[in-house]
Trainee: 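Would you mind keeping the following structure in view while I ask a few things?
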Amino acid sequence: GIAGTFATFNGSVTGASAGATYHFQWGSGKSYRYATADLALAASPAAQPVSAPVYAGLAPATAYHVRLVVSYPSGGTTITKTGRASTFTTKGCTKTARPGGHTHLQAFVDSLAAGDVGCLDAGHYGRRGTITLISASGTAAAPVELMRAPGQASPVVLGELRLGGDYETLSGLIFAGPTGNVGNATCPGGQDLLVWIYGGYDQIDHSVLRNDLCRAAVYVGTDSGAPVPGTRLLANYIRHNGIFDNPQYANVDQGIYLGESTGALVADNIIVDNVAYGIVTWPNVSNSEIIDNTVVGNLMDGIGIEGDGSSPLSSGNVVQDNISTDNGEYGIRSYGTLGSGNLVDDNVVYGNGLSPFYDPANGLTFTSNILADPLFKGPAEGPPGSYALQPGSPALGTADAAQPQDYFGHPRPQQGADIGAWEAPPGCPAASAACRITSSGDPASSVRAVTASTSCPVSLMASARAGGYISSSSR
């Protein structure tokens, strides 16, 4: 299917040998700048259909070309074959709105149906103290899209916005808090979330969510407790959310809050300066992927995988290739009761107030995480460009997996995928060695594992002995 900002590529491969993989390359003009991740093919002489989604980053009403690429091992080398190019054009705006208040915005989103691309001209929409609901459902091939009008500045949405239908997408918007009084009795002045997602397979990408005053910038979950499937939060800038001067709310004001959900993808976001967590899961989240994010300077913790012990237990979650630095307490932590298969792998964790990791639930498996300064180019808690990486960063070229584009739209990978939300251009040298920790045991065994690598700075080793790389003390 082809939408305004994303598409699914399809093809066919005949006669795949053992170990064969495929990916799609695409671009506009004469280049093939971007590529999907390599996916495995079954060894078979028969034709087999293949596909790969590109969830975000395409421009509306734009012509692209795409081709299928297959690689397979042969005699100690890798042979690559490229299919013929096809062309496609993304959908343009089917409806356009000019700035207006809440009644105007609600009427516009009520007019959208499956397959519509609703575009907002630059300006302010909605009103503080109101709730705007997008209720129409799309399909995987024909979503409901609300986005910035091409060639214009991002429109500003006021109040709270809710995604209640399935296959709805928000792209290129600014959600500016506070929401005003929308009737939440648990928050001061009736404030609430900037965006609440309770429809399935909904998406927010390339948007800004800032200055919310209670609960979270974006929340995924339902009142009934039924899990929300397939949420995607991609390449957003989520900053300064929560009540900073009231300790009563220090544990509940998050950047991204995955509540009851399954199969969420949280990738390439920059999440800074929120009161509690940058990203948190609670009470039961399964099979989520939290990858390639940069999470910095949140007052409590960077990333938390948590569960309340109710069925289904939080299981199968992957926290991979993120940078989590300079948060008030822990870089990555667990809490409560978790299920199995929760992996924390290949993250750069540094400079957090109490310890890099905290796993009182004993529900996380830690593999090959890096304890070293990521070497940002700009100051912590600065604008998005501050989180570009300097030459010699341990995050350069060391990611295990990546989306096709980073936060800024740069293609991934360029010289080996980079950890975090920024992909360096070619020629940016990586660190020669990094301090990695693989053990998921007690602090003593973790220190021994790191000591054996002899690549940790003395300051990090001292921190490990004092508090433990993986803390098991009560909170």
Trainee: Is the shortest heavy-atom distance from the side chain of Pro404 to the side chain of Trp26 under 4.5 Å?
Mentor: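 The answer is yes, as the side chains (C-beta and beyond) meet within the 4.5 Å cut-off.
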
Trainee: Quick check, are the ring centers of Tyr198 and Trp196 under 6.0 angstrom apart?
Mentor: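 Ring centroids of Tyr198 and Trp196 are less than 6.0 Å from each other.
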
Trainee: Sub-3.5 Å donor-acceptor pair from the side chain of Thr398 to the main-chain atoms of Pro394, do we have one?
Mentor: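 Such a contact is found between Thr398 side chain and Pro394 backbone.
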
Trainee: Can you measure from CG (Asn241) to CG (Asn274) and round to the nearest 0.5 angstrom?
Mentor: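 Result: 4.5 Å between the selected atoms.
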
Trainee: Please find the pair of heavy atoms, one from Val344 and one from Asn369, that lie closest to each other, and give the distance.
Mentor: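 Here Val344 and Asn369 meet closest at O-ND2, 3.0 Å.
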
Trainee: Do side-chain atoms of Ser261 reach the backbone of Val285 as a donor and acceptor pair under 3.5 angstrom?
Mentor: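 Not a single qualifying donor-acceptor pair exists.
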
Trainee: Grab the two heavy atoms, one from Ser51 and one from Tyr22, that are nearest each other, plus how far apart they are.
Mentor: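 Where Ser51 meets Tyr22 most closely, the heavy atoms are O-OH, 2.9 Å.
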
Trainee: If the plane angle is over 60° it's perpendicular, under 30° parallel, otherwise tilted; pick one for Tyr201 and Tyr167.
Mentor: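 Parallel.
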
Trainee: Quick check: does any side chain N or O of Ser135 sit under 3.5 Å from a backbone N or O of Gly165, one acting as donor and the other as acceptor?
Mentor: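 Looks like no, no N/O pair under 3.5 Å.
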
Trainee: Could you tell me if the ring centre of Tyr219 sits under 6.0 Å from that of Tyr257?
Mentor: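 Centroid separation for Tyr219 and Tyr257: below 6.0 Å.
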
Trainee: As an exercise, state the distance from CD1 of Ile305 to CG of Leu364, rounded to the nearest 0.5 Å.
Mentor: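 These two atoms lie 7.0 Å from each other.
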
Trainee: Between Asp406 and Arg412, is there a side-chain N and carboxylate O pair less than 4.0 Å apart?
Mentor: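 Salt bridge absent between Asp406 and Arg412.
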
Trainee: Within this structure, what is the CG-NE2 distance for the pair Leu170 and His206, rounded to the nearest 0.5 Å?
Mentor: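 Nearest 0.5 Å value for the CG-NE2 distance: 13.5 Å.
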
Trainee: Check whether any side-chain N or O of Asn342 sits under 3.5 Å from a backbone N or O of Asn317 as a donor-acceptor pair, and report yes or no.
Mentor: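 Confirmed, Asn342 side chain pairs with Asn317 backbone.
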
Trainee: What distance separates Ile279 CD1 from Asp301 CG, expressed to the nearest 0.5 Å?
Mentor: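 Going from CD1 on Ile279 over to CG on Asp301, the span is 12.0 Å.
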
Trainee: Can you give each donor-acceptor pair under 3.5 Å made by side-chain atoms of residues 77-84, sequence neighbours left out, with the distance rounded to 0.1 Å?
Mentor:
unit_1 : atom_1 : unit_2 : atom_2 : d
Thr77  : OG1    : Ser74  : O      : 2.9
Thr80  : OG1    : Ser71  : OG     : 3.1

Trainee: Do His240 and Asn211 have side-chain atoms, one donor and one acceptor, less than 3.5 Å apart?
Mentor: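 Side-chain D/A pair, His240 to Asn211: absent.
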
Trainee: Any disulfide (SG to SG under 2.5 Å) pairs touching residues 1-81, not counting sequence neighbours?
Mentor: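 The answer is none; no pair qualifies.
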
Trainee: With the side chain counted from C-beta on, respond yes when Val208 and Ser154 share a heavy-atom pair under 4.5 Å apart, and no when they do not.
Mentor: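 No; the side chains remain at least 4.5 Å from each other.
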
Trainee: State whether the side chain of Gln106 and the backbone N or O of Leu133 hold a donor-acceptor pair below 3.5 Å, judged by distance alone.
Mentor: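 Yes; judged by distance alone, with no hydrogens or angles, the pair exists.
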
Trainee: Under a 3.5 Å distance rule, please check whether Asn322 uses its side chain to pair with a backbone N or O of Val295 as donor and acceptor.
Mentor: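 Not confirmed, Asn322 side chain does not pair with Val295 backbone.
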
Trainee: Mind checking whether Thr90 and Val117 have side chains closer than 4.5 Å, heavy atoms only?
Mentor: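 Thr90 vs Val117: side chains apart.
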
Trainee: Where do Ala417 and Glu423 come nearest, in terms of heavy atoms and distance?
Mentor: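 That would be CA-OE2, 3.6 Å.
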
Trainee: Could you state the interatomic distance from CZ (Arg232) to OG1 (Thr169), rounded to the nearest 0.5 Å?
Mentor: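 Nearest 0.5 Å value for the CZ-OG1 distance: 6.5 Å.
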
Trainee: Would the distance check show the side chain of His102 and the main-chain N or O of Leu158 forming a donor-acceptor pair, the cut-off being under 3.5 Å?
Mentor: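 Here the side-chain-to-backbone pair does not exist.
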
Trainee: Check whether any side-chain N or O of Lys91 sits under 3.5 Å from a backbone N or O of Ala142 as a donor-acceptor pair, and report yes or no.
Mentor: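 The answer is no, because no donor-acceptor pair under 3.5 Å joins these two groups.
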
Trainee: Parallel under 30°, tilted from 30 to 60°, perpendicular over 60°: which one fits the rings of Tyr64 and Phe88?
Mentor: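 If you compare the ring of Tyr64 with that of Phe88, the planes turn out parallel.
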
Trainee: Do any N or O atoms from the side chain of Asp202 and from the backbone of Glu168 form a donor-acceptor pair under 3.5 angstrom?
Mentor: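 Yes; at least one donor-acceptor contact below 3.5 Å.
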
Trainee: Going by the side-chain hydrogen bond (donor to acceptor under 3.5 Å, both in side chains) test, name the single residue among Arg67, His65, Arg33 that passes it with Gln25.
Mentor: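 With Gln25 as partner, side-chain hydrogen bond (donor to acceptor under 3.5 Å, both in side chains) holds for just one option, Arg67.
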
Trainee: Does the Asp321 side chain pair with the main chain of Asp400, one donor and one acceptor, at a distance under 3.5 Å?
Mentor: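 Yes, the answer is positive, given that a donor and an acceptor are paired below the 3.5 Å cut-off.
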
Trainee: Are Gln320 and Asp346 linked by a side-chain donor-acceptor pair shorter than 3.5 Å?
Mentor: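 Result is no, nothing qualifies.
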
Trainee: Can you confirm whether Tyr125 sits close enough to Thr132 that some side-chain heavy atom of one is under 4.5 Å from a side-chain heavy atom of the other?
Mentor: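 A side-chain contact under 4.5 Å is absent here.
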
Trainee: Between Lys95 and Asp116, does any side-chain N to carboxylate O distance fall below 4.0 Å?
Mentor: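 Between Asp116 and Lys95 there is a salt bridge, with a charged N closer than 4.0 Å to a carboxylate O.
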
Trainee: Kindly give the heavy-atom pair with the smallest separation between Thr262 and Ser286, and that separation in Å.
Mentor: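 Of all heavy-atom pairs spanning Thr262 and Ser286, the closest is OG1-OG, 2.9 Å.
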
Trainee: Do the side chains of Ser368 and Asp345 get nearer than 4.5 Å, heavy atoms only?
Mentor: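 In short, these two side chains touch, coming nearer than 4.5 Å.
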
Trainee: Looking only at non-hydrogen atoms, find the nearest pair between Pro383 and Tyr237 and report the distance.
Mentor: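 Residues Pro383 and Tyr237, closest heavy atoms: CA-OH, 3.8 Å.
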
Trainee: Hey, what do you get for SG (Cys119) to CZ (Arg98), rounding to the nearest 0.5 Å?
Mentor: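 The SG atom of Cys119 sits 13.5 Å away from the CZ atom of Arg98.
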
Trainee: Side chains of Tyr387 and Val272, heavy atoms from C-beta outward: is any pair under 4.5 Å?
Mentor: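 Touching, per the 4.5 Å side-chain cut-off.
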
Trainee: Of the options Val157, Leu173, Leu194, Leu234, which is the one that meets Ser207 in a side chain to side chain contact (heavy atoms under 4.5 Å, CB included)?
Mentor: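 Going through the options one by one, the only one that passes is Leu173.
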
Trainee: Which heavy atom in Tyr277 sits nearest to a heavy atom in Ile303, and how many Å separate them?
Mentor: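 For Tyr277 and Ile303, the tightest heavy-atom pair comes out as CD2-C, 4.3 Å.
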
Trainee: Looking at Asp268, Asn347, Asn269, Asn236, which hits side-chain hydrogen bond (donor to acceptor under 3.5 Å, both in side chains) with Asn293?
Mentor: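 With Asn293 as partner, side-chain hydrogen bond (donor to acceptor under 3.5 Å, both in side chains) holds for just one option, Asn269.
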
Trainee: What residues, two or more places apart in sequence or in another chain, satisfy side chain to side chain donor-acceptor pair (under 3.5 Å) together with Ser334?
Mentor: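 Applying side chain to side chain donor-acceptor pair (under 3.5 Å) to Ser334 gives Asp359.
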
Trainee: Does the side chain of Arg148 reach to within under 4.5 Å of the side chain of Pro155, using non-hydrogen atoms?
Mentor: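 Result yes, sub-4.5 Å side-chain heavy-atom pair found.
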
